[in-house]
Protein chains: 2
Amino acid sequence: MVDNPWLEQLQAAGYRITAARRAVTEVMQSSERALTPIEVYDAARKRDRRLGLVTVYRTLEKLEALGLIQRVHHEHSCQAFLRAGEGHQHLLLCERCRRAILFEGDDLDALFERVGEETGFEIRSHWLQLYGLCWDCQTDS
Amino acid sequence: MVDNPWLEQLQAAGYRITAARRAVTEVMQSSERALTPIEVYDAARKRDRRLGLVTVYRTLEKLEALGLIQRVHHEHSCQAFLRAGEGHQHLLLCERCRRAILFEGDDLDALFERVGEETGFEIRSHWLQLYGLCWDCQTDS
DNA sequence: TGGATAATTGAAAAGGATTTTCAGTAAGGG
DNA sequence: CCCTTACTGAAAATCCTTTTCAATTATCCA
Ligand SMILES: [Mn+2]
Ligand SMILES: [Mn+2]
Ligand SMILES: [Zn+2]
Ligand SMILES: [Zn+2]
């Protein structure tokens, strides 16, 4: 009956599958870039005309709690959401079209060691985002 | 007359030196951690009792524009400000006491090259933040 | 050293985004 | 199918930030 892995996860977590959640979920799953709540609302309303903005907020909150989407921080405004990958990942963001790509594999151990020694900190995690221009945005214009 | 480098910079940029700006500036200069506008307000009011929150916002905006302070992003809330260092820097944040340390020198060129090749992106900048426990927070408790 | 002048201020109002409340609706277990 | 209770959208409430505005004051110049 439930054909979608995210919806299955919602259901497994004890939530009900509704038209509203289906719409928001599908929008988030198919977006190439991070979306603000209003953008999600606009896109999801094409799938469920009666959807309310409040429900978008509530659904995003649940998807985030389940680790299916993540919050993406830009220099200002940090209220955009993007599908999350499995495990530890990093983000590569196009400054022009906002396309987002997840990648993994950085080797920062030497850096952690150096900084840890210099500062006395015990380093536990990190956050790395790259910004640039995607291929399309380099060429056209 | 003006004894403080940040105030000198404000003045050089054509702004006037006022009690309000002096208070906000001194708070930001002496803070070991990123502060929200309200936290700045509370701290700065100890130096200038009549200070208004609006002026805190306006002063932070100017200090940021001059590159003297920077916005710090935490997982939620991204409205905290911290003194900025010179040039390109990274942040090391204590998860317990929120102390912030600036450091420089990471060698991510190999990573940029790899990711650039795999994705077709032209990488232009990056953001790196480390999280952990400062020395004091490791020991006490 | 005064005044003139324009920048700056704080309070109040406006604006925007997010959260809460609530009565009606509908998912899904039995 | 029903019943229960989670879920919904609309409206109201909140919270944070920005704008407006009249009063104040830093700085320039006579
Ligand atoms: Mn990593
Ligand atoms: Mn760097
Ligand atoms: Zn692009
Ligand atoms: Zn942020």
Side-chain angles (χ1 to χ4, degrees), chain A residues 1-4 6-25 27 34-66 69 71-81, chain B residues 1-4 6-27 34-42 44-66 69 71-81:
Chain A
M1 204 60 191
V2 178
D3 46 346
N4 181 314
W6 289 21
L7 293 176
E8 269 168 30
Q9 281 223 46
L10 274 172
Q11 197 163 61
Y15 299 115
R16 294 182 180 174
I17 307 304
T18 66
R21 287 175 178 169
R22 204 177 277 276
V24 171
T25 293
V27 165
L35 301 173
T36 62
I38 289 284
E39 288 172 328
V40 174
Y41 175 68
D42 289 338
R45 261 165 78 84
K46 289 177 186 147
R47 295 165 189 264
D48 176 10
R49 180 102 345 234
R50 41 170 124 251
L51 178 66
L53 179 57
V54 182
T55 299
V56 171
Y57 276 98
R58 291 190 279 225
T59 304
L60 289 174
E61 188 177 31
K62 288 185 174 57
L63 294 177
E64 187 184 22
L66 291 175
I69 63 174
R71 199 175 291 263
V72 173
H73 298 254
H74 294 95
E75 183 48 28
H76 288 74
S77 109
C78 304
Q79 287 294 76
F81 294 87
Chain B
M1 203 63 187
V2 179
D3 47 346
N4 182 313
W6 288 22
L7 293 176
E8 269 168 29
Q9 282 224 45
L10 275 172
Q11 198 163 60
Y15 299 115
R16 295 182 178 175
I17 307 302
T18 65
R21 287 175 178 169
R22 206 178 277 276
V24 171
T25 293
E26 287 172 3
V27 165
L35 301 173
T36 62
I38 289 284
E39 288 172 328
V40 174
Y41 175 68
D42 289 338
R45 260 165 79 84
K46 288 174 185 148
R47 295 165 189 263
D48 175 11
R49 180 106 341 239
R50 40 170 126 251
L51 178 67
L53 178 58
V54 181
T55 299
V56 170
Y57 276 98
R58 291 190 280 225
T59 305
L60 289 174
E61 188 177 30
K62 286 185 176 57
L63 293 177
E64 186 184 23
L66 291 175
I69 62 173
R71 199 174 291 264
V72 174
H73 298 254
H74 294 95
E75 182 49 28
H76 288 72
S77 109
C78 305
Q79 286 295 74
F81 294 87

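A, B, ... follow the sequence lines: proteins, then strands. Residue 1 opens every chain. Side chains are part of it too, since the values below use all heavy atoms of this structure and drop only hydrogens, waters and symmetry mates.
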| request: Please list, chain by chain and in numerical order, all residues satisfying salt bridge (Lys or Arg N to Asp or Glu O under 4.0 Å) with A:R50, sequence neighbours excluded. | output: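 Partners of A:R50 by the salt bridge (Lys or Arg N to Asp or Glu O under 4.0 Å) criterion come out as none, since no residue qualifies.
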With B:R47, which residues qualify under salt bridge (Lys or Arg N to Asp or Glu O under 4.0 Å), at least two apart?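 Partners of B:R47 under the salt bridge (Lys or Arg N to Asp or Glu O under 4.0 Å) test: B:E26.
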Inset, instruction - Working to the nearest 0.5 Å, report the span between CG of A:L60 and OG1 of A:T25. - result: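 One gets 9.0 Å once the value is rounded to the nearest 0.5 Å.
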- Rounded to the nearest 0.5 Å, how far apart are CG of B:N4 and CZ of B:R21?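 Result: 14.0 Å between the selected atoms.
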Checklist line | Pairs where residues 6-19 of chain A contributes a residue and the test side chain to side chain donor-acceptor pair (under 3.5 Å) is met, not counting sequence neighbours | finding: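 As it turns out, there is no side chain to side chain donor-acceptor pair (under 3.5 Å) pair with a partner in residues 6-19 of chain A once direct neighbours are skipped.
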Roughly how many Å is it from [atom1] in [X] to [atom2] in [N], rounded to a whole number?
{"X": "B:R22", "N": "C:dT9", "atom1": "CZ", "atom2": "C1'", "answer": "16 Å"}
{"X": "B:R45", "N": "C:dT9", "atom1": "CZ", "atom2": "C1'", "answer": "14 Å"}
{"X": "A:L63", "N": "D:dC7", "atom1": "CG", "atom2": "P", "answer": "13 Å"}
{"X": "B:R21", "N": "C:dT9", "atom1": "CZ", "atom2": "C1'", "answer": "9 Å"}
{"X": "B:E64", "N": "D:dT18", "atom1": "CD", "atom2": "P", "answer": "11 Å"}
{"X": "A:L53", "N": "D:dA13", "atom1": "CG", "atom2": "P", "answer": "18 Å"}
{"X": "A:Q79", "N": "D:dC15", "atom1": "CD", "atom2": "C1'", "answer": "13 Å"}
{"X": "B:L10", "N": "C:dT9", "atom1": "CG", "atom2": "C1'", "answer": "15 Å"}

B/S/- along nucleotides 20-30 of chain D (protein heavy atoms under 4.0 Å) is B-----BS---
Pairing residues for A:R71 by the side chain to side chain contact (heavy atoms under 4.5 Å, CB included) criterion, not counting sequence neighbours
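A:R71: side chain to side chain contact (heavy atoms under 4.5 Å, CB included) contacts with A:E64, A:H73, A:Q79, A:F81, B:E75, B:H76.
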>> Less than 4.0 angstrom from a charged side-chain N to a carboxylate O is my criterion; do A:D3 and A:R22 meet it?
In response: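 Yes, charged N to carboxylate O under 4.0 Å.
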What are the residues of residues 37-44 of chain A, sorted by number, that bring a heavy atom to within less than 4.0 Å of DNA chain D?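 Within residues 37-44 of chain A, no residue comes under 4.0 Å of DNA chain D.
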* To do: Please report the shortest heavy-atom distance between B:V56 and B:P37, naming the atom on each side.
  =>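 Distance-wise, the nearest heavy atoms are CG1-O, 3.7 Å.
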Taking all atoms of both residues into account, what is the closest heavy-atom pair of B:L10 and B:L66, and its distance?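 Heavy atoms of B:L10 and B:L66 come nearest at CD2-CD1, 3.7 Å.
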